[in-house]
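Naming convention: chains lettered A, B, ... in sequence-line order (proteins, then strands); numbering from 1 in each chain.
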2 protein chains.
Amino acid sequence: MKITRKGEYAMRALVDLAQNYRKGLRQIQDIVREEEIPGKFLEQILIILKNAGLLQSKRGIGGGYSLNRPPDKISIGEVIRLIDGPLAPLGCVSSGHASCSKEITCGIRSVMVDVENATAEILDRVTLADICNRTKGMAERRAEYQMYYI
Amino acid sequence: MKITRKGEYAMRALVDLAQNYRKGLRQIQDIVREEEIPGKFLEQILIILKNAGLLQSKRGIGGGYSLNRPPDKISIGEVIRLIDGPLAPLGCVSSGHASCSKEITCGIRSVMVDVENATAEILDRVTLADICNRTKGMAERRAEYQMYYI
DNA sequence: GAAATTTCCGATTTGACTTATAGGAATACT
DNA sequence: AGTATTCCTATAAGTCAAATCGGAAATTTC
């Protein structure tokens with residue numbers, strides 16, 4: 001599995017929206033300014049997220065985006081699968097893929113299934129809310145360090 | 001982390017060589033025939049593996065390749081890192097990468113570090129010998145199933 | 001209802017990288 | 001000498017991610 005820039009942008013945007021949950025609608029340009037993501041590219045991404053039911057949107061003046069579920073109900077795994085596809089590092093692992101000539105007896109494949117499961121175990125458990133907390137915790141610890149340094 | 005075709009070919013070739021460990025040298029064409037890998041492409045891959053010390057080679061008539069270490073001393077992780085690069089699913093996770101603007105406080109990054117560690121945990125532990133055993137075990141179980149089916 | 005703002009949509013371009021091929025040089029055996 | 005094999009470099013071809021462009025549809029404001 002590879003997380004593309006698209007997937008990274010999606011996560012960053014969602015974390016941004018999670019940090020602003022219940023503060024009304026947030027416009028693309030707000031996110032662009034904060035996260036330094038190409039606007040037109042982000043546009044496409046947000047539409048995907050919206051069509052998948054993760055976001056809610058409104059057009060026109062005063063419009064924008066907001067999370068359609070609480071931040072603790074959206075996992076990173078869900079996002080990455082939506083944007084970048086299956087978590088498996090090898091194509092033949094994903095179901096419905098029949099290219100592997102010796103699929104049934106392929107030992108390599110079975111290892112990659114293990115990797116996929118281990119990855120899913122993590123990414124399906126971590127939510128946007130967790131990311132916010134981690135980020136916050138890190139910022140605080142960093143502030144402490146700065147204190148000592150002075 | 002994404003495993004490219006190149007990486008997959010490398011693993012397949014190495015497993016092939018592991019299955020023929022201590023049976024003398026094996027030529028590119030032997031592997032090509034068995035594994036259905038483009039010959040000239042495989043050539044480049046084997047050279048990389050050789051230069052990294054995984055393989056031993058000999059030119060001319062009767063030449064070929066063989067593992068330079070026992071199959072249980074070569075891990076899949078070592079191979080993938082060599083061919084396809086770092087195991088992290090996100091660029092900013094790999095050491096020496098300074099592009100992430102908010103690197104220190106980036107919660108996403110810390111999750112990806114977890115994924116990288118979990119992946120490495122598996123891939124660095126599984127060796128070519130393990131793959132051979134898994135493949136063998138699967139083939140046997142498959143044979144049993146065939147028996148019942150008749 | 002006209003104008004302004006914002007999301008929505010599709011096509012297209014650009015660039016980088018993976019995949020593969022081509023041609024020959026170096027080496028080793030018979 | 002001749003043949004078989006690995007080794008090396010260049011380059012073509014194909015694929016896909018990343019980004020841009022231009023405009024359509026919806027919503028609010030005046």
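A:P71 and A:T127 get closest at one heavy-atom pair: O-CB, 3.5 Å. The two atoms that bring B:N68 and B:G53 nearest to each other are ND2-O, 3.3 Å, heavy atoms only.
Set against D:dT6, D:dT28, D:dA25, the side chain of A:K58 has D:dT28 as its closest nucleotide. Nearest nucleotide to the A:Y65 side chain, out of C:dT7, C:dC9, C:dA20: C:dT7. Here the nucleotide nearest the side chain of B:Q27, chosen from D:dT5, D:dA4, D:dA19, is D:dT5. Of the listed nucleotides (D:dA19, D:dG23, D:dC7), D:dC7 has the atom at the smallest distance from the side chain of B:K40.
Distance CG (B:L49) to P (D:dC8): 14 Å, rounded to an integer number of Å. Nucleotide D:dT5 holds its P atom 17 Å from the NZ atom of B:K50, rounded to whole Å. Atom CD1 in A:I61 sits about 9 Å away from atom P in D:dT28, given to the nearest Å. Atom P of nucleotide C:dT19 and atom CD1 of B:I45 are separated by 9 Å, given to the nearest angstrom. Nucleotide C:dT27 holds its P atom 14 Å from the CD1 atom of B:I47, rounded to whole Å.
Not a single donor-acceptor contact under 3.5 angstrom links the side-chain atoms of A:R5 to the base of D:dA18. Scanning atom types as modelled, one donor and one acceptor separated by under 3.5 angstrom connect the side chain of A:Q44 and the base of D:dT20. Side-chain N/O atoms of A:E43 and base N/O atoms of C:dC9 include a donor-acceptor pair closer than 3.5 Å.
Shown here is A:Q56, whose CD atom has more than 12 heavy atoms of other residues, nucleotides or ligands within 6.0 Å.
With salt bridges taken as basic N to acidic carboxylate O contacts below 4.0 Å, one links B:R81 and B:D124. Using a 4.0 Å cut-off between charged nitrogen and carboxylate oxygen, A:D16 and A:R26 count as a salt-bridge pair.
Close to C:dT6, at under 4.0 Å from its OP1 or OP2, lies no side-chain N or O of A:S57. Between C:dA20 and B:K6, no contact under 4.0 Å exists linking OP1 or OP2 to a side-chain N or O. At D:dA18, none of the side-chain N or O atoms of A:Y9 fall inside 4.0 Å of OP1 or OP2 (strictly under the cut-off). Regarding contacts with the backbone of C:dC17, every side-chain N or O of B:T4 stays at 4.0 angstrom or more from both OP1 and OP2.
Within the 4.0 angstrom heavy-atom criterion, no nucleotide atom of any strand lies near B:Q29. B:I28 comes within 4.0 angstrom of the backbone, heavy atoms only, and of no base.
Each of A:G63 and A:N51 lies near DNA chain C, and the nucleotide nearest A:G63 is the one positioned closer to the 5' end.
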